[in-house]
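We name chains A, B, ... by the order of the sequence lines, and we start the count at 1 in each one.
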2 protein chains.
Amino acid sequence: MSDTEPQAEQAPSTRPHTGRRRNEAAHRAILDAALKLLAESDGTPVTIDAIARAAGVGKQTVYRWWPSKGAVLLDALTDRADQDVPGPDTGALRTDLRAFIAATFDAAQHSTTASALRTLTREAARDPHLAELMQSFVGTRRTALRGLLSRGRERGELAGDTDLDLIVDQVYGVFWYRFLLGHGPLDETVAERLADSLVRGSAAV
Amino acid sequence: MSDTEPQAEQAPSTRPHTGRRRNEAAHRAILDAALKLLAESDGTPVTIDAIARAAGVGKQTVYRWWPSKGAVLLDALTDRADQDVPGPDTGALRTDLRAFIAATFDAAQHSTTASALRTLTREAARDPHLAELMQSFVGTRRTALRGLLSRGRERGELAGDTDLDLIVDQVYGVFWYRFLLGHGPLDETVAERLADSLVRGSAAV
DNA sequence: GGTTATCGAGACTGCTAGTCTTGTCAAGCG
DNA sequence: CGCTTGACAAGACTAGCAGTCTCGATAACC
């Protein structure tokens with residue numbers, strides 16, 4: 001059971017001691033180890049002990065820089081994940097929305113990010129601190145989508161009384177629901193169908 | 001910290017010993033205690049120890065009848081929750097859907113069920129066994145909704161190539177998303193807007 | 001050159017799921 | 001009647017994990 005993992009990253013004793021200065025190499029090793037374990041474990045929780053062992057650091061070193069396990073995990077994910085939020089502006093709501101949704105679905109397909117995100121979500125269910133951190137991570141994207149919809153409404157592509165927040169939640173609702181349960185596809189076809197029906201459903205009369 | 005709870009249900013020593021026969025009173029006491037704790041704890045996990053103590057039974061008695069904590073919790077919820085799935089049939093898809101969604105939203109508003117369901121979901125994130133049990137619980141409702149949509153499509157109220165599963169997931173996606181995060185309302189107005197835009201979005205041409 | 005902050009390692013606390021133990025009690029069987 | 005047996009309440013125990021604390025080593029800083 002103790003040797004099932006590829007075992008660390010070789011770095012344990014290699015890394016030079018930096019005395020009273022912060023050891024940036026250790027910082028990186030922790031993030032790398034966290035991301036690696038997050039990506040490998042499909043669903044099963046990632047422990048701090050495992051991260052520390054894989055990074056070749058003491059647990060105290062982890063807790064010196066991050067307040068909780070959740071913080072480490074989220075940091076590891078955002079560190080690598082493309083932080084750039086899609087903000088397509090093709091001039092037409094339907095195509096903007098198609099692009100946005102497709103990009104969102106696509107980003108979640110890359111297996112490394114996917115299993116990391118899945119694990120992170122599961123952990124967030126128990127860790128309020130992490131849940132809060134994830135809220136702000138997700139908030140950025142929600143805001144971008146809302147802006148995109150708002151532009152469309154101003155151009156008259158959506159009815160003036162359209163509930164934009166509801167549309168945002170329909171998009172992310174479907175996304176998370178399928179992403180977490182995995183009972184239906186999240187491909188480009190679905191993205192287009194969803195975008196089209198959302199626009200039609202709230203089109204100006 | 002040990003006396004914050006109303007403390008048990010008085011029954012501990014009151015309940016008569018049934019010797020070699022199963023004690024149905026204990027069975028009920030466990031379910032009642034589980035539901036009560038589930039309803040009281042908003043978010044914070046419910047422990048088996050707490051259930052056993054509140055029911056005045058030994059932990060072994062709990063595990064004699066249920067395989068895991070999750071099984072007890074789900075059993076407690078389904079035992080009380082209205083198991084009847086809404087299946088309105090008004091003759092028109094738009095009104096059927098409005099009624100179905102409104103009923104779903106409404107059922108989740110009753111505080112007892114709501115916090116129980118929320119806690120249960122959080123636990124399911126960590127307990128695969130419970131997650132599986134919940135799938136079948138939820139599956140019944142998904143099937144009912146899909147049937148409702150299918151009827152509408154057959155009546156020509158939806159385009160023939162409509163992706164019914166995507167609509168189902170939009171409904172439950174929005175529901176769970178808002179239910180768990182609580183950032184937006186789940187009232188009748190939202191139910192109607194959602195139903196209307198879904199029908200319009202996939203209406204036959 | 002002494003102080004000080006970081007480091008790796010790992011012991012330790014506290015919490016919880018699930019198992020095992022013990023002594024008790026009544027039902028069923030002879 | 002009296003012994004066996006299964007369920008029961010209580011709680012000790014194991015195992016796993018988050019987060020804290022301790023310790024000896026090391027190098028920066030004054």
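A:Lys69 has no carboxylate O lying under 4.0 Å from a charged side-chain N of A:Asp127, or vice versa, which leaves the two without a salt bridge. Between B:Arg126 and A:Glu123, at least one side-chain N (NZ, or NE/NH1/NH2) sits under 4.0 Å from a carboxylate O, which counts as a salt bridge. B:Asp187 and B:Arg193 are not joined by a salt bridge, as no carboxylate oxygen comes within less than 4.0 angstrom of a charged side-chain nitrogen. B:Asp161 and B:Arg153 are not joined by a salt bridge, as no carboxylate oxygen comes within less than 4.0 angstrom of a charged side-chain nitrogen.
Heavy atoms of B:Val72 sit nowhere under 4.0 angstrom from any nucleic acid atom. Residue contacts for A:Val46: at a heavy-atom cut-off of 4.0 Å it reaches the sugar-phosphate backbone alone, with no base atom in range.
The base of D:dG11 lies outside donor-acceptor range of the side chain of B:Lys59, with no N or O pair under 3.5 Å.
Distances from the side chain of A:Arg21 to the nucleotides C:dT6, D:dA28, D:dC8 place D:dA28 closest. Distance from the side chain of B:His17 is smallest to C:dC25 among C:dC25, D:dA18, D:dA25. Taking every side-chain heavy atom of A:Lys69 into account, D:dA18 is the closest of D:dA18, D:dA28, C:dC20.
Close to D:dC8, at under 4.0 Å from its OP1 or OP2, lies a side-chain N or O of B:Arg64. Dashed line: the shortest gap from a side-chain N or O of A:Trp65 to OP1 or OP2 of C:dA5 is not under 4.0 Å. In this model, the phosphate group of D:dA9 is approached by a side-chain N or O of B:Arg15 to a distance below 4.0 Å at OP1 or OP2. Phosphate proximity of C:dT16 to B:Thr47: absent, as no side-chain N or O sits under 4.0 Å from OP1 or OP2. Distances shorter than 4.0 Å separate none of the side-chain N or O atoms of B:Arg20 from OP1 or OP2 on D:dT4. Close to C:dG10, at under 4.0 Å from its OP1 or OP2, lies no side-chain N or O of A:Arg53. For the pair A:Thr18 and D:dA27, the criterion of a side-chain N or O lying under 4.0 Å from OP1 or OP2 is not met.
In this structure, the side chains of A:Ile167 and A:Ser202 come closer than 4.5 Å at one or more pairs of heavy atoms.
B:Glu24 places its CD atom 19 Å from the P atom of D:dG6, with the value rounded to the nearest Å. If you take CG of B:Asp49 and P of D:dA9, they are 14 Å apart, rounded to a whole angstrom. Put simply, CZ on A:Arg126 is 13 Å from P on D:dG19, counting in whole angstrom units. At whole-Å resolution of the value, CD1 in A:Ile51 and C1' in C:dA9 are 17 Å apart. Atoms CD1 (B:Ile48) and C1' (D:dA9) sit 15 Å apart, rounded to a whole Å.
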